[in-house]
Peer 1: 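Could you have a look at this structure, given as structure tokens, before my questions?
Lettering of chains follows the sequences in order, A, B, ..., and the numbering in each one begins at 1.
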2 protein chains.
Amino acid sequence: MSEGSNAVKNTGDKLLLAAIDLMASKGYKGVTTQEIAAAAGLSEKTLFRHFGSKQNLLEAAFDRFHYAEEMTRLFNEKLVWELETDLLLISRTYHEIMNRNRKMIMISVKEADHLPGFRERTIRHPKQFIEILTRYFTEMTAQGKLIETNAELQAYSFISMNYGVFLNHLTAGEDFPGLKLEDFITESVRTFTRGLAR
Amino acid sequence: MSEGSNAVKNTGDKLLLAAIDLMASKGYKGVTTQEIAAAAGLSEKTLFRHFGSKQNLLEAAFDRFHYAEEMTRLFNEKLVWELETDLLLISRTYHEIMNRNRKMIMISVKEADHLPGFRERTIRHPKQFIEILTRYFTEMTAQGKLIETNAELQAYSFISMNYGVFLNHLTAGEDFPGLKLEDFITESVRTFTRGLAR
DNA sequence: CTTAAATGTCAGTCAGTACTGACGGTCAGT
DNA sequence: ACTGACCGTCAGTACTGACTGACATTTAAG
């Protein structure tokens, strides 16, 4: 299901995973079909027999991952309507999902032009995340647990903050100057809680 | 100084600006020397006479922009040691600088591997921004205007939030669902102020 | 063993692309 | 008119990389 599987993989999967891996680091144009095949332990010919073209390979890799749905579920089931607790869950879930799909996200950041509708399904689908969080904030305000604010902007701020941190970890490699992700999460959630709680 | 100049440009500048423009959208490998020359209204030969190689062109483009210094200045001169006011200034300054250099930033996001030390000078130099903001938070705490927190983590959170928003605007094109940048700034600063002020 | 499906090997095609050399034109300064 | 710096054109080189076809080889199933 994700790139971190360790079970026995068939030929198609090996090629897909190798492609995702290499494209994420070197970009679509930066990697050759030979490299991908070699990394998968297969011949270049086999690659073309399976996918027909390099472009198809990218699209197939892209089709195999979707993380919009699991967010929705993990949300609506586990919230306890206590701000700090819920924000912690949301933040941790977000980073877990993003990290699991980090290579595909890296590809879609670099290769936004190579595919039609590519952008819509990755970068911009934090949109859904924001919508869910917006509804949560609105409901919390209705319950009198939050101050009156623009719920959408707050959701946007919170998600963007986590997105920024996620990208930092992705591009800068290790944690920034020595900041651990978990410390960031607890600290930033605490600040938001103080800033939003009534 | 920046890509937004409108004065008469000499040959070298025309090529550099065309290169920055095209590489930002299509990537280093995605653009040809012919395209760049054509976009600059010059011949391919002239490109090579000026820069010798495509790689040199990228490096020359890279050398022409630096935004680390101006941050330092704009900071230490204008702060009034009142949290909300200062955070507003910092946030607005940040977006102004990042926006002015957005194309080079886009390149360095996509082409992190093509240059040695490329990453260090762009993506990862928000580091300096964070250090400055950390000192500010520390000093504010010493003045009794802030609650006791991990200043570095707070700075990291604040900058990352603005970085995330900046990248959203960059990749998603227009503002997100209809959220204006200025609205985000005032709202997020207000939340952080409430979350951090004593 | 036989067969069929999947894979490998190898040689090769074809288009693109960075980069060069030779030469000719333009134009400002003297 | 002469010169020198700058630019264009054109033809061409050398290499890379996606993609193919023909044929041999492996492997699992009956």
Peer 1: Is the shortest side-chain N/O distance from Thr46(A) to OP1 or OP2 of dG8(C) below 4.0 Å?
Peer 2: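 Yes.
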Peer 1: Atom CG of Leu47(B) and atom C1' of dC6(D): how far apart are they, to the nearest Å?
Peer 2: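 Computing the Leu47(B):CG to dC6(D):C1' distance gives 15 Å.
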Peer 1: Mind calculating the distance between CZ (Arg49(B)) and P (dG4(D)) to the nearest angstrom?
Peer 2: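 Nearest whole value for this atom pair: 17 Å.
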Peer 1: For Glu187(A), is there any backbone N or O sitting under 3.5 Å from a side-chain donor or acceptor partner on Thr191(A)?
Peer 2: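 A pair under 3.5 Å: yes.
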Peer 1: Does any N or O in the side chain of Asp21(A) come within less than 3.5 Å of the main-chain N or O of Leu17(A), such that one atom is a donor and the other an acceptor?
Peer 2: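 Side chain of Asp21(A) to backbone of Leu17(A): no pair is present.
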Peer 1: Output the single nucleotide from dA18(C), dT7(C), dC19(D) whose closest atom is nearest the side chain of Thr11(A).
Peer 2: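 Nearest to the side chain of Thr11(A) among the choices is dT7(C).
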Peer 1: How is Gly12(A) classified with respect to the nucleic acid when contacts are heavy atoms under 4.0 Å: base, sugar-phosphate, or nothing?
Peer 2: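 No contact.
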Peer 1: Nearest-Å distance, CD (Gln34(B)) to P (dA18(C))?
Peer 2: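 It works out to 8 Å between those atoms.
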Peer 1: Can you measure Gln55(A) atom CD to dC19(D) atom C1' for me and round it to whole angstrom units?
Peer 2: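 Going from CD in Gln55(A) over to C1' in dC19(D) covers 14 Å.
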Peer 1: Please check if the side chain of Tyr28(A) supplies one atom and the backbone of Lys110(A) the other of a donor-acceptor pair under 3.5 Å.
Peer 2: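 No, because the side chain of Tyr28(A) does not come within donor-acceptor range (under 3.5 Å) of the backbone of Lys110(A).
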Peer 1: Side chain of Lys54(A) only, heavy atoms from C-beta on: which candidate in dG8(D), dC19(D), dT17(C) is closest?
Peer 2: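 From the listed options, dC19(D) comes nearest.
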Peer 1: Ignoring hydrogens and angles, does a donor from either the side chain of Lys45(A) or the base of dG21(D) sit under 3.5 Å from an acceptor on the other?
Peer 2: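 Check passes, donor-acceptor contact within cut-off.
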Peer 1: In this structure, how many angstroms lie between the C1' atom of dT20(D) and the CG atom of Asn56(A), rounded?
Peer 2: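 So the CG-C1' distance, Asn56(A) to dT20(D), works out to 16 Å.
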Peer 1: Please work out which of the three classes, parallel, tilted or perpendicular, describes the rings of His95(B) and Phe166(B), given edges at 30° and 60°.
Peer 2: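 Rings of Phe166(B) and His95(B): tilted, as their planes differ by 30° to 60°.
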Peer 1: Report yes if at least one side-chain N or O of His50(A) is closer than 4.0 Å to OP1 or OP2 of dT7(C); otherwise report no.
Peer 2: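 Yes, within the criterion.
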Peer 1: Can you tell me which nucleotide in dT20(C), dT9(C), dC19(D) comes closest to the side chain of Ser43(A)?
Peer 2: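 Out of dT20(C), dT9(C), dC19(D), the nucleotide with an atom closest to Ser43(A)'s side chain is dT9(C).
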Peer 1: Check every atom of dA18(C), dC7(D), dC19(D) against the side chain of Thr33(B) and return the nucleotide holding the closest atom.
Peer 2: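 Looking only at heavy atoms from C-beta outward on Thr33(B), the closest nucleotide is dA18(C).
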Peer 1: What is the distance from NZ of Lys14(A) to P of dG8(C), rounded to the nearest Å?
Peer 2: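 Interatomic distance, NZ of Lys14(A) to P of dG8(C): 8 Å.
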Peer 1: Roughly, in whole Å, what's the span from CZ in Phe48(B) to P in dT9(D)?
Peer 2: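 Going from CZ in Phe48(B) over to P in dT9(D) covers 16 Å.
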Peer 1: Are Glu96(A) and Arg100(A) within salt-bridge range, i.e. N to O under 4.0 Å?
Peer 2: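 A salt bridge links Glu96(A) with Arg100(A).
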Peer 1: Check the distance between dT20(C)'s P and Phe51(B)'s CZ and give it to me in whole angstrom.
Peer 2: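 Computing the Phe51(B):CZ to dT20(C):P distance gives 15 Å.
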